[in-house]
Amino acid sequence: MRIVSLTNETKKNLLEDLLKRSTNDYGEYEKIVADIIENVKTRKEEAIFEYSLKFDKCEMTKETFMVTPEEIKEAYTQIDENFIRVMKDSAANIRAYHEKQKRNSWFDAKEDGTILGQKITPMQTVGVYVPGGKAAYPSTTLMNVVPAKVAGVPNIVMTTPAGADGKVNPATLVAADIAGVDMIFKVGGAQAIAALAYGTEMIPKVDKIVGPGNIFVALAKRAVYGHVSIDSIAGPSEILVLADETATPKYVAADLLSQAEHDELASAILVTTSRELAEAVSKEVDVFLGKLSRTEIMQKSLDNYGYILIAPDMETAIEATNEIASEHLEILTKNPFDTMTKIKNAGAIFLGEYSSEPLGDYYAGPNHVLPTNGTAKFFSPLNVDDYVKKSSIISYSREALEKVHKDIELFAEKEGLTAHANSIRVRFED
């Protein structure tokens, strides 16, 4: 891995490199996505089945489009029992963590008859997109569905592409069943997002779409935003390890590669105050690259977006960490909890050398759907709040309104809105 001194110039170059991965730079695909959305919007299943045949080499009909209970039962027989147990344990951890995020409606009543409050209501129908293709992502299914169930969403519709044989990956189906998905349809890509956003003969229109996908899925989500809500536009995966001389080089190298293997656009960054650690980590990375699979992907990821930055002191290292605002942040310092108090921007923070990033991906409980590409400065991980709506409650008695009605009328008149003022005034005219 390249080792560079952390300066304002190197930091500026790194941030510019990372921003190149944004979906805003894929305008060439927007016309394709717009055409797919319009086609599905008008022709519904007919268009979807054509795209399934074109992109997935899968011949779909209305009879085979929706996953049946029999297919889910069959999926259980195809998965190792121990893995089923692990998925159930993971789902339990995710559920327990997100239960702590739940909020209740509240009301604040005063003696004069003023009642203010907030009513929290779960969304009625949520669409969950789960990628398919060569890889299966049962963890994505659990992370997107379980918080929705905790929030109280009654209808969860999942879309995921089928293979050429018309079947969905069995691990994905088992995870969906464990999490509590209500309906599953065999469709992927931008066409799945369009179907969820506008509804078809078989797929109900949803209120919100969550879940990651390729560039076509990301652009489709961006295109339908406003007609429905979305979670976020997921960018390539990223990890930043903030470490001092106490970190174990082998652990750091292994953790950097855990994200570099995702795809060629993934970023893996070490920020450290120790040149000795930097050089040792670089050597360990080379050792792992000679042993692990997906070496070509990892090498390209590191060549393009892999950095080891040597900072003159921990204060400078922390400042750079906050500016990068990584999706995953591991803190491997002498006192990681103390260092963590100085972190302002990160999707998920992993403290100590036995809290490696995959722990969060699969098992610990906090959500692995995280802000990317610097958006941790203003976005949060997927959580229960993403699946509810908040309504303000206002109730004044005559006594309460009488005390302030002239103030309200004055405010309205100063804005030139005489009908607003009149709406209050008429209640106190003889």
Please lay out, stage by stage, how Glu323 and Lys377 fare under the test salt bridge (charged side-chain N to carboxylate O under 4.0 Å, His left out). CA-CA 8 Å; Glu323 286 197 49; Lys377 291 178 180 177; 5.7 Å; no
Residues Arg43, Glu46; criterion salt bridge (charged side-chain N to carboxylate O under 4.0 Å, His left out); working and verdict: CA-CA 6 Å; Arg43 297 176 58 233; Glu46 185 181 0; 3.1 Å; yes
Determine the interplanar angle of the Phe49 and Phe65 rings, folded into 0 to 90°, and report it as parallel if under 30°, tilted if 30 to 60°, perpendicular if over 60°. perpendicular
Are Lys300 and Glu296 close enough for a salt bridge, meaning some N to O gap below 4.0 Å? yes
Salt bridge Lys149-Asp182, side-chain N to carboxylate O under 4.0 Å: yes
Do the side-chain N and O atoms of Thr333 and Thr339 include a donor-acceptor pair separated by under 3.5 angstrom? yes
Just to verify, what does Asp207 make a side chain to side chain contact (heavy atoms under 4.5 Å, CB included) with, not counting sequence neighbours? Met123, Gln124, Thr125
State plainly whether the residues Glu16 and Lys12 are in salt-bridge range, i.e. N to O under 4.0 Å. yes
Distance only, no hydrogens: is a donor on one side chain within 3.5 Å (strictly under) of an acceptor on the other, for Glu238 and Gln259? no
Do Lys334 and Glu245 sit within salt-bridge range, that is, some charged N less than 4.0 Å from a carboxylate O? no
Please lay out, stage by stage, how Asp338 and Lys342 fare under the test salt bridge (charged side-chain N to carboxylate O under 4.0 Å, His left out). CA-CA 7 Å; Asp338 179 63; Lys342 301 176 180 70; 3.2 Å; yes
Taking only residues two or more places apart in sequence, or in another chain, which ones meet Glu59 in a salt bridge (charged side-chain N to carboxylate O under 4.0 Å, His left out)? none
Determine, stepwise, if the pair Arg2 / Asp303 fulfils salt bridge (charged side-chain N to carboxylate O under 4.0 Å, His left out). CA-CA 8 Å; Arg2 80 192 92 179; Asp303 289 345; over 6 Å; no
Non-hydrogen atoms of Asn383 and Pro381 that approach each other most closely: ND2-O, 2.8 Å
Return yes if a side-chain donor-acceptor contact under 3.5 Å exists between Asn169 and Tyr137, otherwise no. no
Any side-chain donor paired with an acceptor under 3.5 Å for Asn373 and Thr375? no
Polar contact flag, side-chain donor to acceptor under 3.5 angstrom, Tyr51-Asp56: no
Who are the side chain to side chain contact (heavy atoms under 4.5 Å, CB included) partners of Tyr251, not counting sequence neighbours? Thr248, Glu353, Tyr354
Tell me whether Lys221 is salt-bridged to Asp231, with the criterion being a basic N under 4.0 Å from an acidic carboxylate O. yes
The criterion is ring pair (Phe, Tyr, Trp, His ring centres under 6.0 Å); which residues satisfy it with Tyr198, sequence neighbours excluded? His227
For residues Asn367 and Tyr97, is any side-chain donor paired with an opposing acceptor at under 3.5 Å? no
Do the charged groups of Lys390 and Asp385 touch, with an N to O distance under 4.0 Å? yes
Could you list the residues that satisfy side-chain hydrogen bond (donor to acceptor under 3.5 Å, both in side chains) with Asn335, not counting sequence neighbours? none
With rounding to the nearest 0.5 Å, note down the distance linking CZ in Phe55 to CD in Glu50. 10.5 Å
Considering all heavy atoms of both residues, which atom of Met87 and which atom of Ala175 are nearest to each other, and what is their separation? SD-CB, 3.9 Å
The criterion is side-chain hydrogen bond (donor to acceptor under 3.5 Å, both in side chains); which residues satisfy it with Lys100, sequence neighbours excluded? none
Asp80 CG: over 12 foreign heavy atoms closer than 6.0 Å: yes
